[in-house]
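Letters go in sequence order (proteins before strands), and every chain restarts at 1.
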Amino acid sequence: MKKIELQDIFLKKEFGLNEEVSLQGWIRNHRKQKQMGFIDFFDGTVFESIQVVYDEKMTNFSEISGYRVGSSIEVQGKLIQSEYNNSLEIVATEVTLIGDSPENFPLQPKKHSLEFLREIAYLRPRSRLFQAVFRVRSVAAMAVHQYFQDKNYVYVHTPLLTTNDGEGAGEAFTVSALDLSKEKADFSKDFFGKQASLAVTGQLEGEAFAMAFKNIYTFGPTFRAENSNTKTHLAEFWMIEPEIAFCELPELMDLQEDFLKYVVKMITEKCASELKFLSQYNQTDLLDRHLKFVDTQIARVTHEDAITILKNAPVKFEFTPEYGEDLAKEHEKYLSEHFGSAVFIYNWPKDIKAFYMKVNDDMKTVAAVDLIVVGSGELMGGSQREARYEQLHDRMVQMGIPSEDLYWYLNLRKFGTAEHSGFGLGFERLIMFLTGMENIRDVIPFHRTPQCCEF
RNA sequence: UCCUCAGUAGCUCAGUUGGUUAGAGCACCUGACUGUUAAUCAGGGGGUCGCAGGUUCGAGUCCUGCCUGGGGAGCCA
């Protein structure tokens, strides 16, 4: 008898009715009766589970009745269309226990809180909710690569260890090979001869490659040591950072929009079962929301116009919106709801943005753009980069960025400079948007946040 | 980092102005049941009330400190 997986039945449809099959997987639920029993069986290869029916004619009937939720089993039997509920099920000829799961197995067939599931993060992928979330995550990652590979972008692996100081993106984790339990930190004697850290961005190196391949993207882990305790921040997260040469801000926004819609569309096509379940769980029609998103043009508004809208809003904000200042969370929320689900805000005041962004002709704003999305906050942040050597150097000096250490980054403006633009997309925030999950800790397998580095 | 709420059985939760032996549902064990699907019905076992102090004749309940988690804010993607 050939060993098969549930995907052979539900996805590939390679196995037809009345065929003998053998499957290995886990018990999600088990309902016992005197003369027969029903096992909800899943093997993780598709979202769907299948019901296994066994009866007292089997020699080990009483043992099977004792198999508990969470146990791994092997099932042999015939695939049938049930006359009782009109769905596929397996009438077992043999069920054997592979790995028992004792009575205190934490994941029971009932509703658990997300907080509890986080504490058993090594078991939660077996739940239907996290089967859906992590399948979507996997397909979304593939869609990201597919989009850029179809456009012949070069996938660049930027370093995770860096001695770049002040990349303009938040606090970094120091990395050391010194035995700090014995000696005081003297980084001149450290592995790299100076203080090194985990990368907070791959953008600067990405720009070097964009100046060679024209279109590139990165997709990898990023680390920030900020003491942020929110639903949208992680200390370790995955980021996608495309960088495009000979590209200015409006064209960048076109790319961002096209890219995002491509990924969303792909999920609606490849993750129907998962979206259906997630819609039920999160009480939002995700499929409908996503299809509307794909069909609607994302609004574009300057920071100045956004402030005007906020000032005229019939709402009392805790923080008064001001020209030249950053937006508070309540402002972002209002704007994203005002414009539908998402909105590009561009031309930001230069004083609140990073050193590498191109200063506009008004000398007050930079060619930066943030995409604000309901629930996920700032989903993408991008900008046209400062391509002029003198202007970039002056900005670095003004903002206290060590230009000597970043000489190579400056030199990119010396040797065949070109206008270029890029953006960063927080992958977990994208997964939140796709799945409707409200806490970023629930869309990454094992989350790292302040005071939490479990598993 | 600040503000705020919470922590009671494996899980979800109740526990009155401080007062006898801390309860329920699910899970588990025993039994009943010919198609269940969060199966149902009867019975049973299961507790360091987050941790450490304190107040009191008496603390799950009140006070202090700490730990952990949630929500909000800030920082950011």
Side-chain angles (χ1 to χ4, degrees), chain A residues 28-41 49-57 65-66 68-70 80 82-87 89 91 101-120 123 127-128 167-172 200-203 221-241 317-319 326-333 352-354 368 370-373 376-382 423-433 438-442 444 447 449-452 454:
Chain A
R28 175 163 286 139
N29 201 358
H30 191 169
R31 295 172 289 277
K32 304 149 224 182
Q33 293 181 11
K34 190 181 187 183
Q35 290 161 321
M36 60 194 319
F38 306 90
I39 293 172
D40 276 350
F41 172 93
S49 55
I50 200 163
Q51 176 162 282
V52 174
V53 189
Y54 61 93
D55 65 31
E56 61 179 347
K57 286 180 226 122
S65 300
R68 285 180 286 242
V69 169
I80 64 150
S82 169
E83 56 186 289
Y84 298 98
N85 54 22
N86 204 33
S87 57
E89 63 183 30
V91 179
S101 183
E103 63 184 82
N104 60 353
F105 178 59
L107 203 63
Q108 293 297 332
K110 57 174 286 188
K111 189 151 184 164
H112 291 291
S113 68
L114 291 170
E115 294 83 3
F116 172 68
L117 291 168
R118 253 168 244 158
E119 285 166 19
I120 53 161
L123 295 173
S127 68
R128 285 195 299 168
E167 290 169 321
E171 286 296 308
V200 297
T201 173
Q203 181 197 316
T222 310
F223 308 90
R224 306 255 169 111
E226 256 136 44
N227 190 12
S228 299
N229 293 285
T230 80
K231 293 196 286 186
T232 51
H233 289 85
L234 292 166
E236 176 182 284
F237 64 101
W238 286 63
M239 191 153 64
I240 296 133
E241 295 184 288
F317 293 114
E318 193 188 337
F319 299 95
D326 209 347
L327 299 178
K329 208 173 268 186
E330 54 178 344
H331 303 149
E332 291 183 0
K333 203 171 166 212
I352 59 167
K353 287 287 180 183
D370 285 354
L371 179 70
I372 308 298
V373 173
S376 302
E378 191 186 330
L379 182 59
M380 299 190 202
F423 66 90
L425 166 74
F427 188 55
E428 283 74 20
R429 291 189 180 174
L430 174 64
I431 306 305
M432 289 171 79
F433 178 67
E438 290 178 352
N439 194 313
I440 201 164
R441 297 174 182 104
D442 298 324
I444 189 165
H447 68 275
T449 47
Q451 303 302 316
C452 179
E454 281 290 304

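Comparing B:rC49 with B:rU4, their C1' atoms are spaced 23 Å from each other, to the whole Å. Going from the C1' atom of B:rG25 to that of B:rC67 covers 30 Å, rounded to whole Å. If you take atom C1' in B:rU64 and the same atom in B:rC28, they sit 40 Å apart, rounded to whole Å. B:rC29 and B:rG46: their C1' atoms are spaced 11 Å apart (whole Å). Comparing the P positions of B:rA42 and B:rU55 gives a spacing of 48 Å, expressed to the nearest Å. A distance of about 36 Å separates the C1' atoms of B:rC26 and B:rC63, rounded to the whole Å. With P as the reference atom, B:rA52 and B:rG15 are 25 Å apart, rounded to whole Å.
We find that CD of A:Gln51 is positioned 10 Å from P of B:rU36, with the value rounded to whole Å. Atom CD in A:Glu438 sits about 9 Å away from atom P in B:rG72, given to the nearest Å. In this structure, OH of A:Tyr54 is placed 14 Å from C1' of B:rU34, rounded to the nearest angstrom. Between the C1' atom of B:rG74 and the CG atom of A:Leu327 lies a distance of 15 Å, rounded to the nearest Å. Following rounding to the nearest Å, A:Lys329 (NZ) and B:rG71 (C1') show an atom-to-atom distance of 11 Å. If you take CG of A:Asp326 and P of B:rA73, they are 14 Å apart, rounded to a whole angstrom.
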Please list, pair by pair, any protein nitrogen or oxygen found under 3.5 Å from a nitrogen or oxygen in nucleotides 68-70 of chain B.
| unit_1 | atom_1 | unit_2 | atom_2 | d |
| --- | --- | --- | --- | --- |
| B:rG70 | OP1 | A:Arg118 | NH1 | 2.8 |

Short heteroatom pairs, N/O only, protein and nucleotides 30-33 of chain B, under 3.5 Å:
| unit_1 | atom_1 | unit_2 | atom_2 | d |
| --- | --- | --- | --- | --- |
| B:rC33 | OP2 | A:Lys34 | NZ | 2.8 |
| B:rC33 | N4 | A:Lys34 | N | 3.2 |

Any N/O pairs under 3.5 Å between the protein and nucleotides 9-15 of chain B? List them or say none.
| unit_1 | atom_1 | unit_2 | atom_2 | d |
| --- | --- | --- | --- | --- |
| B:rC11 | O2' | A:His112 | ND1 | 3.0 |
| B:rC11 | O2 | A:Lys110 | NZ | 2.5 |
| B:rU12 | OP1 | A:Ser113 | OG | 3.1 |

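With the nearest nucleotide of RNA chain B identified for both A:Asn85 and A:Glu236, A:Asn85 has the one nearer the 5' end. When the nearest nucleotides of RNA chain B are assigned to A:Ile80 and A:Arg68 by heavy-atom distance, the more 5′-ward of the two goes with A:Arg68.
Judged by atom type and distance alone, A:Ser228 does not reach the base of B:rC76 through any side-chain donor-acceptor pair under 3.5 Å. Taking 3.5 Å as the limit, the base of B:rU34 and the side chain of A:Asp55 contain no donor-acceptor pair of atoms between them. Side-chain atoms of A:Glu89 come within donor-acceptor range of the base of B:rG35, with a qualifying N/O pair under 3.5 Å.
In this view, A:Arg118 and A:Asp442 satisfy the salt bridge (charged side-chain N to carboxylate O under 4.0 Å, His left out) rule, not counting sequence neighbours. Partners of A:Glu428 according to the salt bridge (charged side-chain N to carboxylate O under 4.0 Å, His left out) rule, which considers only residues two or more places apart in sequence or in another chain, are A:Arg137.
Note: A:Tyr54 and A:His30 meet the aromatic proximity criterion, with ring centroids under 6.0 Å apart.
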In dot-bracket notation, what is the pairing pattern of RNA chain B, taking Watson-Crick (N1-N3 plus N6-O4 or O6-N4) and G-U wobble (N1-O2 and O6-N3) contacts under 3.5 Å, with [ ] crossing and | for other strands?
-> (((((((..((((.....[...)))).(((((.......))))).....(((((..]....))))))))))))....
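Among the atoms of the strands shown, base atoms are found under 4.0 Å from some heavy atom of A:Leu234.
Listed nucleotides B:rA38, B:rG35, B:rC76 differ in distance to A:Asn29; the shortest reach to its side chain belongs to B:rA38.
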